[in-house]
Amino acid sequence: MNKLFGRAWMIAVYIFLYMPIVTLVIYSFNASPLVTVWSEASLRWYVALANDGDLIAAVWLSLKIAFLSSLMSVFFGTFTAFALTRYKRFPGRTLLSSMSSTPLVMPDVIVGLSLLLMLVSLQHWLGFPERGLFTILLGHALLGTAYAAVVVTSRLNEMDKRLDEAAMDLGCRPFQVFRLVTLPLLVPALVSAFLLTFTLSFDDVVLSSFLSGPGYSTLPMVIFSRARLGLNPTINAVAAVTIAVVSIAVIASSIYQSRAERQRKREVAQAYSDANQ
Amino acid sequence: MSTTATTDSAKPSAIRKMAPQELLRVEGITKVYDGSVKAVDNISLTVATGEIFALLGGSGCGKSTLLRMLAGFEKPTNGKIFLAGKDITDLPAYKRPINMMFQSYALFPHLSVWENIAFGLRRDDMAKGDIAERVESMLSLVQLDKFAKRKPHQLSGGQQQRVALARSLAKRPKLLLLDEPLGALDKKLREKTQLELVNIIEEVGVTCVLVTHDQEEAMTMASRIAVMSEGSFMQVGSPDEVYEMPNSRQVADFIGNVNIFDGIIEEDESDHVTIRCEECLHYVGHGISGNVGMSVGVALRPEKITLSKEQPQSEYNWCAGEVVEIVYFGAHTTYHLKLDSGKVIKAQELNNTRDLSCGLTWGDRAYAHWNDMAMVVLTY
């Protein structure tokens, strides 16, 4: 009885989570221009998407911003995390540690608004920066740095500090320790921080709206503004393509990870049975 | 202070046989944490070339802090460290000709065995060919030639331990530091590895300072042991000195098992002493540096006690009690004897025949006796 309830509950949750996505994908193949009425299957909206210059430009812009801002986030986030985990005492440490996590809890609207005000007055005094790609990048990097710092910090905290000491003991200067030992071991955390900040940036609409200038509309901004004018099924096609790309990436990475894990377990077991012979 | 001064000269000591050339000298080293906690309190020591010196103590006694100061990971608050006559107190870890084998090894998980061993050599300006040659010789020293390409997780615990040893020896350090070298191995593997480790260290001829909480490990590996507590050395000496002639109740209690009787010196002659305890009269067969009426402790190791069912004829060095516990260890059996005063003592009997020879069982009245050279008189 309990088991049955558990199973039913699980199915309900899955339906709640995935039904909208499945519906969206199905309706992207709908021939009718009305989003809610099914007529017949067609690729019409995919063709329309291929010819929709604005939408494609927005996709490219979003990808570009997501890529560059997550690189920046990971870079700054890693050094922030490193300073916070490895140096327990330096002037301004408390300030850095609280400032680096504020963007996590601060509402995006406030962050966006204050950044906008600052950039407007900067532009007024210095004639720089023009609002557009660069300012969106800055905003996304600011938010992403906070997230990346959290991911990298947790990895650094669970890393054996003795490895650093061993490297130093064997003749590494502090920067060599970072380059030859810490960094290689951080790679998985850097990859997940990159993926996380990439998605954050890719679907951010609030910060982008505040910080963009004429001619720089990211994909979420375009979808958002079109939705207000009445939804066009082309958007469904964009969404379906995005979902396909993301799902393939996620599935591939989890298959790779579980394989690597199984391989590792096999090797460990092998090592011990070898040693016992 | 040991009061058994007269037997000192009769005992051959391992240190005196060695070349007295000093390698490491530590002068009055102190480490204070957070302004008040003294982890290491004004310790001085010298280690001669070729020695294996063990720092033995419970957790929090300061042994690891001392080792980390030798390695250069911690800066001493006070005091100096000299290596081969050179002051290295302010030298950073990466410039010291000292290498360490870490507890649980700290092998680099992203590098192969070969690269782990070569890691330190690559930091020096060493020719590629020389590095390869050195790594090969290290691999054959620890008999891991076949495993050069494996990653650390593809090795068993014992093999990882040997890689760690090879890595710490590869740079030919003047001093090798070992942090709980066998701590991560299971008991069976320990005994085998202990001997292997000592053989390799002796083959290379490197001077060692090792840290351990395991007295057996310290006794079997080290040529000299420093027993530590609360940041200070309590006693420094060869393993047999520390075991047979502890200088305080704390050392006696920490190293091995011991029964301690409290008593008062009744008779103090140059060739013998008698000590009156509540439980019995001790007759010690050598003079001590105490005086009549002084209260002392008499330490008696369980293996030096013999049990019997018949009351001994002598008027001293025996006591009677009831067997309350029998712990069988295979090679020997430990009997817990509750004396009439309520004190419980332990006596260890060798199981030298297959039937449990002394035939005692729970509830029996038994007599414990020992000879007049079995005990140590402790004034602290």
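Here is how names work: the chains are called A, B, and so on, in the same order as the sequence lines, proteins then strands, and each is numbered from 1.
- Residue A/Phe67 qualifies as open at atom CZ: its count of foreign heavy atoms under 6.0 Å is 12 or below.
- When atom types are taken as modelled, the side chain of B/His110 and the backbone of A/Leu180 share a donor-acceptor pair closer than 3.5 angstrom.
- Contact record, B/Ser104 with A/Arg162: OG-NH2, 3.3 Å, taken as the closest heavy-atom pair.
- For the pair B/Phe119 and A/Val181, the minimum side-chain heavy-atom distance is below 4.5 Å.
- No side-chain heavy atom of B/Gln154 sits under 4.5 Å from any side-chain heavy atom of A/Gln270.
- Here A/Arg89 pairs with B/Asp34 in a salt bridge; the nearest charged N to carboxylate O distance falls below 4.0 Å.
- For A/Leu163, the parts lying under 4.5 angstrom from a heavy atom of chain B are both the backbone and the side chain.
- Contact annotation for A/Ala167: both backbone and side-chain heavy atoms come within less than 4.5 Å of a heavy atom of chain B.
- Among the candidates B/Pro173, B/Ala170, B/Pro109, the residue making the largest number of heavy-atom pairs closer than 4.5 Å to chain A is B/Pro109.
- With a 4.5 angstrom heavy-atom cutoff, B/Phe102 touches chain A only via side-chain atoms.
- At a 4.5 Å heavy-atom cutoff, B/Leu111 makes no contact with chain A through either its backbone or its side chain.
- Looking at heavy atoms from C-beta onward, A/Asp169 lies in side-chain contact with B/Phe73 at the 4.5 angstrom threshold.
- Interface check for chain A: of the options B/Gly158, B/Ala71, B/Gly120, B/Pro92, the most heavy-atom pairs under 4.5 Å are formed by B/Gly120.
- Other residues, nucleotides and ligands contribute at most 12 non-hydrogen atoms within 6.0 Å of the CZ atom of B/Arg172.
- The greatest number of non-hydrogen atom pairs below 4.5 Å with chain A, out of B/Gly157, B/Ser168, B/Gly72, B/Ala164, is found for B/Gly157.
- In this structure, B/Asn116 CG and A/Leu170 CG are separated by 9.0 Å, a value rounded to the nearest 0.5 Å.
- In this structure, the side chains of A/Asp160 and B/Tyr105 stay at 4.5 Å or more apart for every pair of heavy atoms.
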Would B/Arg68 and A/Glu165 satisfy salt bridge (Lys or Arg N to Asp or Glu O under 4.0 Å), going step by step from the backbone distance to the final call? CA-CA 10 Å; B/Arg68 292 171 58 77; A/Glu165 288 176 350; 2.8 Å; yes
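- No side-chain heavy atom of A/Arg173 sits under 4.5 Å from any side-chain heavy atom of B/Arg123.
- When the shell of 6.0 Å around NZ of B/Lys86 is examined, it contains 12 or fewer heavy atoms from other residues, nucleotides or ligands.
- Remark: A/Met118 CE is packed, more than 12 non-hydrogen atoms of other residues, nucleotides or ligands lying under 6.0 Å away.
- The contact between B/Lys95 and chain A is made entirely by side chain atoms (from C-beta outward), counting heavy-atom distances below 4.5 Å.
- Atom OH of A/Tyr216 has 12 or fewer neighbouring heavy atoms from other residues, nucleotides or ligands inside a 6.0 Å radius.
- When heavy atoms are compared at a cutoff of 4.5 Å, B/Leu107 approaches chain A solely by way of its backbone atoms N, CA, C and O.
- In this structure, A/Pro174 and B/Tyr94 have side chains that are in contact, with non-hydrogen atoms separated by less than 4.5 Å.
- The minimum heavy-atom distance linking A/Ala166 with B/Ala106 is given by the pair CB-O, 4.0 Å.
- With a 6.0 Å radius and a threshold of 12 heavy atoms from other residues, nucleotides or ligands, A/Phe90 has its CZ atom above the threshold.
- Residue contact with chain B, scored on non-hydrogen atoms closer than 4.5 Å, is absent for A/Arg266.
- For B/Glu136, the CD atom counts as densely surrounded, since its 6.0 Å shell holds more than 12 non-hydrogen atoms of other residues, nucleotides or ligands.
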